[in-house]
Amino acid sequence: MSDATCPAAILPLRFLGDPVLRSKASRVDAFDADLRTLAESMVASMYAHHGIGLAAPQVGRPIRLIVVDTGEQRDGSEAFALVNPEIVEQEGAVTGEEGCLSIPGIVAEVERSSRVRVRGSTPAGEPLEIVATELLARVLQHEIDHLNGILFVDRLGPMRRRMALREWRRRRTRDEPAAPAAGA
Ligand SMILES: [Zn+2]
């Protein structure tokens, strides 16, 4: 059976408390079929979990691979994967609401650079450079943080971080279903 007839797998998510989310992800050296399959499965998983971005550690793979789709279509036409992404320029500062698929149900205002230039590769190994503003800039910064073991709650002030983590624990204990917020 060819890969084209297999729908991409929906991968289970890892949640706050899982050590893989705190590890520094390794650089990708092999641009092979496994990497492309993982990227495709991550795009499918991002849609299945109603996310606008997903980093490989969030599906238990500590490698430097992210997928993003901040578009309206949600059919793969606007999704892209970025391997070994690096922020090479950043400027400005803007505060906006953020959530994370690994901390479902928690949203908070986070300050990010308003414009970033990100350099990386496609899963096929082609160089890819993106200049982003607005939501795309925010998602790229959020996902690249994941590759360095950083979660968005780490970027809150101490009091707001405590409140967010308390709310997270409360939801986990009661096993409340998370409202689908724009997580990444
Ligand atoms: Zn996240």
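Both ligands and their constituent atoms are indexed starting at 1 by order of listing.
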>> Just by distance, no angles: are the side chains of Thr95 and Glu109 close enough, under 3.5 Å, to form a donor-acceptor pair?
In response: no
>> What do you get for the angle at the Zn ion (ligand 1) between NE2 on His146 and SG on Cys100, to the nearest 10 degrees?
In response: 110°
>> Tell me if a side-chain donor or acceptor on Arg155 pairs with a main-chain N or O of His142 at a distance below 3.5 Å.
In response: no
>> Suppose we only allow N, O or S atoms; which atom of His142 ends up nearest to the Zn ion (ligand 1)?
In response: NE2
> Are any of the side-chain heavy atoms of Ser45 and Leu54 separated by less than 4.5 Å?
Replying inline: yes
> Are Met46 and Ile10 linked, directly or through other ILVMFWY residues, by side chains that come within less than 4.5 angstrom of each other?
Replying inline: no
> Is there an N/O/S atom in Ala184 that lies less than 2.8 Å from the Zn ion (ligand 1)?
Replying inline: yes
